[in-house]
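To start, the structure under review is shown below, and the notes come after it.
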Amino acid sequence: MSANTAPFDAAAASTAYRSALEVIAAVEPTIAGAIRSELADQRASLKLIASENYASPAVLLTMGSWLSDKYAEGTIGHRFYAGCQNIDTVEQTAADHAKALFDAPHAYVQPHSGIDANLVAFWAILAHRVESPALEKAGAKHVNDLTDEDWQDLRHALGDQRALGMSLDAGGHLTHGFRPNISGKMFHQASYGTDPSTELLDYEKVRAQAKEFKPLVLIAGYSAYPRRVNFAKMREIADEVGATLMVDMAHFAGLVAGKVFTGDFNPVPFAHVTTTTTHKSLRGPRGGMVLCQPEYADAVDRGCPMVLGGPLGQVMAAKAVALAEARTPLFQSYAQNVADNAVTLAEGLKRRGVRLVTDGTDNHLVLLDVSGFGLTGRQAESALLDSGIVTNRNAIPRDPNGAWYTSGVRIGTPALTSRGFGAAEFDKTAELIVDVLTGTTPNPAPSGGASKAKYTIADGVAAKTHAAAAELLDANPLYPGLDLG
Ligand code: PLP
């Protein structure tokens, strides 16, 4: 494999996958075919989706095991089912790696995804900050011991809490209090945006808003903000208003693990509760995790069965393998390359005339404003896909085209850096993106004006881009030597 990923025995992995596919095909050939096709598609696409990556064969193979067959509700050593000793080993190993990697007092590795991790965090914060004091006041140990009147009081208190998170168009996530999401229903919510001229977070404005709104939870973290966040400042603000600081590092966990985000930019020492996915920049299996300070650990550990379904033993095992990989010096150089490559990509785009939200990046992602090309984000995303470049459209701050058509395209470097792309390849990628955007024009809408969805790519542009992308991909193969036969 490239210098950014752990070496693996290609002959052994090829044998393992060929045999597995044979066994699967004997029962349901369609699925074996889809698995083969997915690898072919992944190998053939210039994947710039900021939230995706390529897990190692060791991580992927770990998921295909009988650990899947065991029910293990509860936590390590306290299960609702007998015979969980191997799942205990798996969960303990993953949690130990997570604690060591992030220097966290407590790690809960059961959440099935990032959204699930956020739900566990919200539940734990409400349990710790609202339910426990209410039980104490009522002289009860457990909610089952409350009178109907006490219970109504508690329900009222739970429903009355406030959360303040980053707005969707500034780069926040749906689960950070967006009204249609359950987080916007569990909490009275408000959101903070970015400065209209710099498009950067204005900590003093967040402070003023927090002082006025008085949230129980201050949420930091993002899906589409191309900058580091100063978590020391966010904690200061949370402390000033008595809020719990929850940081969702789903996108940039790999940069924290790889020691690119250190000091004030590492959320773990500052947040009361930190949530993450394990499959984005962290390059593990699809899943989630919660890290927290000791006072939240009890409630967090009750995530299953209070919020989550039974833990997926095979995925916790794959998390352990991925976290072991992330504790190596190789992963640290990978993470640094992800950040360096994002700067190269941003500079390459700017030099060729693209406006970037916040004028650049200092994490793993870049947000292009494609309105200068006369395109919507949706047209740009589709034209790039037609040309072999996989991205996703994304709203930009105060987006005039809204969240469906958008004016932005979000791209990121974690996946292609795993493939071995460096500065030269990312500069070439910037050139290809600009060639496609320049060569695409919106079609007129039937009612006059320009369509927000339809477009035309100038003759030859898509084919030329496909060929140039294929050259880059061939020179940096995905899982080199892995042959499915
Ligand atoms: N949190 C953030 C910041 C995200 O960007 C995402 C997904 O894109 C999630 C949570 C949700 O993760 P999942 O899809 O694993 O539920």
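Count residues from 1 along the sequence. No hydrogens, no waters, no symmetry mates; every other heavy atom, side chains included, goes into these values.
The ring pair (Phe, Tyr, Trp, His ring centres under 6.0 Å) check on His128 picks up Tyr296, with sequence neighbours excluded. Considering only residues two or more places apart in sequence or on other chains, Tyr222 meets the ring pair (Phe, Tyr, Trp, His ring centres under 6.0 Å) condition with Tyr225, Phe252. With sequence neighbours excluded, the residues satisfying side chain to side chain contact (heavy atoms under 4.5 Å, CB included) with Leu216 are Ile125, Leu126, Arg129, Val130, Gln161, Phe187. In this structure Arg179 satisfies the side chain to side chain donor-acceptor pair (under 3.5 Å) test together with Gln189, sequence neighbours excluded. Listed by chain and number, the residues in a salt bridge (Lys or Arg N to Asp or Glu O under 4.0 Å) with Asp340 amount to none (sequence neighbours excluded). Remark: Lys185 pairs with no residue by the side chain to side chain contact (heavy atoms under 4.5 Å, CB included) rule, at least two apart or across chains. Every residue was checked against the salt bridge (Lys or Arg N to Asp or Glu O under 4.0 Å) condition with Arg410, not counting sequence neighbours, and none meets it. Glu471 is linked by a side chain to side chain contact (heavy atoms under 4.5 Å, CB included) to nothing, counting only residues two or more places apart in sequence or in another chain. By the side chain to side chain contact (heavy atoms under 4.5 Å, CB included) test, Val307 is found to be paired with Leu119, Val120, Trp123, residues two or more places apart in sequence or in another chain being considered.
Residue Ile182 places its CD1 atom among 12 or fewer non-hydrogen atoms of other residues, nucleotides or ligands, all under 6.0 Å distant. Around CZ of Arg352, the count of heavy atoms belonging to other residues, nucleotides or ligands within 6.0 Å exceeds 12.
For the atom pair Asn53 CG and Ser281 OG, the distance stands at 7.5 Å (nearest 0.5 Å). A distance of 12.0 Å separates CD1 of Ile457 from CG of Asp435, quoted to the nearest 0.5 Å. Distance OG/Ser418 to CD/Glu52: 12.0 Å, rounded to 0.5 Å. To the nearest 0.5 Å, atoms OG (Ser223) and CG (Leu365) are separated by 9.0 Å. To the nearest 0.5 Å, atom CE of residue Met246 and atom OG1 of residue Thr275 are 4.5 Å apart. Here the OG atom belonging to Ser14 is positioned 12.5 Å from the OH atom belonging to Tyr479, to the nearest 0.5 angstrom.
Within the cation-pi definition used here (under 6.0 Å to the ring centroid, within 45° of the axis), Lys47 qualifies as a partner of Tyr54. Cation-pi geometry between Arg393 and Tyr405 is not met: the NZ or CZ atom fails to fall both under 6.0 Å from the ring centre and inside 45° of the normal.
One N or O on the side chain of Thr376 and one on the backbone of Lys452 form a donor-acceptor pair closer than 3.5 Å. A donor-acceptor pair under 3.5 Å links the side-chain atoms of Tyr334 to the main chain of Pro414, judged by distance alone. Between the Ser183 side chain and the Gly177 main chain, a donor and an acceptor come within less than 3.5 Å of each other. Here the side chain of Asp103 pairs no donor or acceptor atom with the backbone of Lys99 at under 3.5 angstrom. Not a single donor-acceptor pair under 3.5 Å links the side chain of Tyr192 to the backbone N or O of Tyr203. Judged by distance alone, the side chain of Thr358 and the main-chain N or O of Gly360 form a donor-acceptor pair under 3.5 Å. Between the side chain of Glu38 and the backbone N or O of Ile35 there is no donor-acceptor pair closer than 3.5 Å. Judged by distance alone, with hydrogens and angles left aside, the side-chain atoms of Asp427 form no donor-acceptor pair with the main-chain N or O of Ala423 at under 3.5 Å. When atom types are taken as modelled, the side chain of Asn4 and the backbone of Thr417 share a donor-acceptor pair closer than 3.5 angstrom. For Asp195 (side chain) and Thr198 (main-chain N/O), a donor-acceptor pair under 3.5 Å exists by modelled atom type.
Exactly one of Asp369, Asp399, Asn394 qualifies for a side-chain hydrogen bond (donor to acceptor under 3.5 Å, both in side chains) with Ser407. That residue is Asp399. Checked against Thr391 for a side-chain contact (heavy atoms from CB on, under 4.5 Å), the options Leu368, Leu385, Leu46, Leu48 give a single hit: Leu48. Here the rule is side-chain contact (heavy atoms from CB on, under 4.5 Å) with Lys350, and of Asp359, Leu345, Val366 only Asp359 fits it.
For the pair Pro305 and Glu73, the tightest heavy-atom approach, listed with the atom from each and the gap, is CB-OE1, 3.9 Å. Of all the heavy atoms in Phe331 and Ala257, the pair that sits closest is CE2-CB, 4.0 Å. Closest heavy-atom contact between Gly258 and Ala335: CA-CB, 3.7 Å.
Side-chain contact annotation: Asn341 with Thr413, donor-acceptor N/O pair under 3.5 Å absent. Under 3.5 Å, the side chains of Gln332 and Gln336 contain no donor-acceptor pair of N or O atoms. Judged by distance alone, the side chains of Asp248 and His176 do bring a donor and an acceptor atom under 3.5 Å apart.
Screening residues 363-404 for ring pair (Phe, Tyr, Trp, His ring centres under 6.0 Å), with sequence neighbours left out, gives His251-His364.
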Test side chain to side chain contact (heavy atoms under 4.5 Å, CB included) on Arg36 and Leu21; report intermediate values, then the result.
CA-CA 8 Å; Arg36 280 177 181 278; Leu21 286 168; 4.0 Å; yes

Exercise. Would you check, one step at a time, whether the test salt bridge (Lys or Arg N to Asp or Glu O under 4.0 Å) holds for Glu199 with Arg355?
Key: CA-CA 12 Å; Glu199 297 172 319; Arg355 190 187 92 74; 3.0 Å; yes

- Test side-chain hydrogen bond (donor to acceptor under 3.5 Å, both in side chains) on Asp301 and His106 and set out the steps. CA-CA 10 Å; Asp301 278 351; His106 186 73; 2.8 Å; yes

_Before you tell me yes or no, could you show the steps for Phe102 and Met289 under side chain to side chain contact (heavy atoms under 4.5 Å, CB included), namely the whole-Å CA-CA distance, both residues' side-chain angles and the distance that decides it to 0.1 Å?_
CA-CA 12 Å; Phe102 293 107; Met289 274 191 326; 3.9 Å; yes

Before you tell me yes or no, could you show the steps for Thr441 and Gln379 under side chain to side chain contact (heavy atoms under 4.5 Å, CB included), namely the whole-Å CA-CA distance, both residues' side-chain angles and the distance that decides it to 0.1 Å?
CA-CA 9 Å; Thr441 42; Gln379 289 162 334; over 6 Å; no

Run the side-chain donor-acceptor check on residues 264-274: report pairs under 3.5 Å with partners two or more places apart or on a different chain.
residue	atom	partner	partner atom	Å
Asn266	OD1	Val268	N	3.0
His272	ND1	Leu245	N	2.8
His272	NE2	Arg235	NH2	3.3

Please output the side-chain donor-acceptor pairs of residues 308-327 that fall under 3.5 Å, not counting sequence neighbours, one pair per line with the distance.
residue	atom	partner	partner atom	Å
Lys319	NZ	Val109	O	2.7
Lys319	NZ	Pro111	O	2.9
Lys319	NZ	Gly288	O	2.9
Glu325	OE1	Ser56	OG	3.4
Glu325	OE2	Ser56	OG	2.6
Arg327	NH1	His97	ND1	3.0

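Looking at Tyr455 and Ser382, their side chains come closer than 4.5 Å, going by heavy atoms from C-beta outward.
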